[in-house]
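Keep in mind that what you see is a predicted model, and the values were worked out from it rather than measured.
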Amino acid sequence: MPASAANAPLAIIDDPIEQGRFTRWIAGERGQRIAESSLQLGGMHCAACAGLIEQALRSVAGVASAHVSAAAERATVCWDPERTKPSVLIDAVRRAGYEAVPDAAAPAREMRRQDHRRAVWRLFVASFCAMQVMMLATPSYLSGAGEIPADMTELLNWGSWLLSLPVLLFSAGPFYRGAWHQLRAARIGMDVPVVLGVTIAFIASTASTFDPTGPFGHKVYFDSLTMFVAFLLGARYLELRARQRAAEALEASLACLPETAWRVADDGSEEAVSVLRLRVGDRVRVPVGQAFPGDGVVEQGRTRADESLLSGESVPLAKQPGAEVVAGSINLGAPVRVRLLRVGGDTRLEAIVSMMRSAMSQRPAAARLADRWAGPFTWGVLLLAAGAAAVWTLFDPERAISVAVAVLIVTCPCALSLAAPAALVAAARGLARRGVMLQRLDAIEALAGVEQIFFDKTGTLTEDRPGLRGAVLTPAGAARFASPDAALRLAGSLARWSAHPLSRSLAAAVPDEGDEADWSDVEETAGQGVAARDADGRCWRLGRGDWVGPVGDAAVEGRVWLGCDGERVAAFEFEEALRAGAPEALRALREAGLRVTLLTGDLPDRALALAARVGLTDAREVLSQATPESKLEAVCAAQAAGRRVAMVGDGINDAPVLARADVSLAMGQGALVSRSQADAVITSNDLQDVVRARNVALRTVAIVRQNLGWALAYNAIGIPLALTGWLPPWAAGLGMATSSLVVVLNALRAGR
């Protein structure tokens, strides 16, 4: 796509290959194929703009839903490919007076650069002219009556009028465009009172400049007008930078994917292809330093991969044949050949980015409430300003315009509309850096109010595969190996050729030091084990006892046997491995006052034993022999008792409970259906992130309340001062801009 997004031919983005960069396919209510596209927006200046863009998108035939986030400047649109196409969606946004491009790196980055450049120039012109106008206005503030000759006063006013023109015609352009779009859509937004205040002040000051003895008197407000525009543009510039940093953080998640990949043909030849043309089953060669283009399995070679982007784990992980790799992780060790299992929108990386796009394009409940009140509030402001002007006309006509302008400016509800979304978006971005990907911004508020949290056992509190407990040598093995560790090392090297969960656990228990046996004729038998020959031609088997060799010892459940030439030499016992940090995480949650309950399908004795390992000693905190139905009943019972409930799970059987809970979190390696039902996904698979997420949620809710309190207190103080004439327009502009700035800067703390 061309670098300039605004000039790009729209027909290009209708190409199905190009659509893959910003569109994913989902199933509709009737099973039909629905496209979900992400668009990056430009030209937005307030929360009301989001409603106008949503209205424009929903008017397009074939659009099922459209959600726009003013805080993130992003739209998520679900549309029917049989009835419309992406170019029509973008054209609808542009006809509404805004800019839109596919949410892909190049055009979105170019649009942000242009928006930033325009914002800087508008702020510079407004600030420079405001300083010059204030310099010309200073003599009138410092001198007494009659000290400045009338012709000199007129000259100073003319200079102020001339310097105000660039501010009005150029710097204030976004406010006028926003007000025009709002009025054209029959809606009243925050730009309307701003434009009215600026326009009234300019008209009255212009009339006073041309005719000091006229009905508007001799006072001018060019200094207030220009300072107000400069202050407001300064606050909006900081808002713009906050939104762009959020977009850049999300874009960085996709920037790690390569543009091309080396696809390996059946004859061993290689060709460079676009990653968009890769398909499941393709074999690709990944050079050192390049990111893996899709989720897959290593077929040839050994390396180490940096998966910190997805898991937060900074230590590179060893990858040998049979190991899984994920799209976006970096190959650090050596070139490897990978067979792709998932590509494009099916990869874990794309799923995570899609979650973030969805969350960033939502308007949380607090923001929707503010939006609903913004219209009536603005009408009230207009009536209040008109009433104040009428009353002051009876007592002091020369101050009526000043009071009306001050009321219009001081009551602009920018801070009120930004109070919730700015904090929630910042918190979502901060959680994403910690490995917690939100799918719903409202989940932050819900998580802060949780009183009871349910944990699934397998795959959540425990690892998805068992851990090695120990190795035991048989008499034949004691004659062959110096120690159980020697047998373990040899078994681990053979286990790396198998994808069975127990084999993977065995291989993970042995350090990969590159000194493995020289195996040949490797063959895996489903349900039995893996067999191979060593350099001396001996046949080794690893697997079920009756398959490895004649039964000499009593078979023990959970054992994996190693045998040589039909003789058992060693046995390996496994147990459920607790997920790292699980006991500490549950203890922290209980210390924070939450009820913690374990859900497991195990028998009572085994369930209580594992519960004790994580610090749950009360039998009432454990639900054993749990079915999906009984898990759901437990959650419903807690909700019926008036408690807000959270659920943490990973399996397919957890999906109904995740959907029912007030807020739900799924483990990153869990089943797709459970992740899709969850409000957040813990991609790091670290239960400590559950504790961190709740702490962030509590801090974010506190910040939202601080912002709302500040915005309401500011209006409660500023409106009476403006009505009584104690707050001049320039001070009202400074107060309004400062209020918005305080809200934005305070909201940024939620992401730290």
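Of all the heavy atoms in F175 and V195, the pair that sits closest is O-CG2, 3.2 Å. Minimum heavy-atom separation, N331 to P287: ND2-O, 3.3 Å. When all heavy atoms are compared, the tightest approach of Y98 to G42 is CB-O, 3.6 Å. The heavy-atom pair separating P174 from S171 by the smallest distance is CD-O, 3.3 Å. Residues Q706 and N746 come closest through the heavy atom pair OE1-ND2, 3.2 Å. Nearest approach of T76 to E36, heavy atoms of both residues: CG2-CG, 3.6 Å.
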Go through the steps to decide whether V101 and L39 satisfy the test side chain to side chain contact (heavy atoms under 4.5 Å, CB included), and finish with yes or no.
CA-CA 6 Å; V101 294; L39 303 179; over 6 Å; no
List the steps and the verdict of side chain to side chain contact (heavy atoms under 4.5 Å, CB included) for R699 and V696.
CA-CA 5 Å; R699 185 169 68 249; V696 169; 3.9 Å; yes
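Two residues are said to be in side-chain contact when any heavy atoms from C-beta on lie closer than 4.5 Å; V436 and R692 fail this criterion. Annotation: side chain of L156 is in contact with side chain of P139 (closest heavy-atom distance under 4.5 Å). Counting heavy atoms from C-beta on, the side chains of V229 and V198 come closer than 4.5 Å. Side-chain atoms of I719 and V407, non-hydrogen and from C-beta on, never get closer than 4.5 Å to each other. Counting heavy atoms from C-beta on, the side chains of V326 and F292 never come closer than 4.5 Å.
Looking at R94 and D91, no side-chain N of the basic residue comes within less than 4.0 Å of a carboxylate O on the acidic one, giving no salt bridge.
Interatomic distance, N707 CG to L712 CG, rounded to the nearest 0.5 Å: 10.5 Å. Rounding to the nearest 0.5 angstrom, the gap separating the CG atom in L52 from the NE2 atom in H181 is 8.0 Å. In this structure, CE in M227 is found 11.0 Å from CE in M131, a value given to the nearest 0.5 Å. Atom CZ of R74 is separated from atom NE2 of H67 by 15.0 Å, given to the nearest 0.5 angstrom. Taken to the nearest 0.5 Å, the CG atom of L431 stands 6.0 Å off from the CD1 atom of I444. Here Q132 contributes atom CD and T226 contributes atom OG1; the two are 10.0 Å apart, rounded to the nearest 0.5 Å.
In the model, S37 has a side-chain atom that pairs as donor or acceptor with a side-chain atom of W79 under 3.5 Å. A side-chain donor from one of W161 and T206 sits under 3.5 Å from a side-chain acceptor of the other.
Counting only distance, with no hydrogens or angles, the side chain of N157 and the backbone of S208 share no donor-acceptor pair below 3.5 Å. No donor-acceptor pair under 3.5 Å is formed between the side chain of E99 and the backbone N or O of G43. Counting only distance, with no hydrogens or angles, the side chain of S205 and the backbone of F202 share no donor-acceptor pair below 3.5 Å. Between the side chain of R58 and the backbone N or O of A66, at least one donor-acceptor pair lies under 3.5 Å.
Between F128 and F124, the two ring planes are parallel [angle under 30°; tilted spans 30° to 60°].
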Side-chain donor/acceptor pairs under 3.5 Å, residues 163-170, sequence neighbours excluded:
unit_1 : atom_1 : unit_2 : atom_2 : d
S164   : OG     : S160   : O      : 2.8

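Taking the six-membered ring where the residue is Trp, the centroids of W158 and F222 are separated by 6.0 Å or more.
For R705, the CZ atom is loosely surrounded, since the number of other residues' heavy atoms within 6.0 Å does not exceed 12. Counting non-hydrogen atoms of other residues, nucleotides and ligands closer than 6.0 Å to OH of Y176 gives a total above 12.
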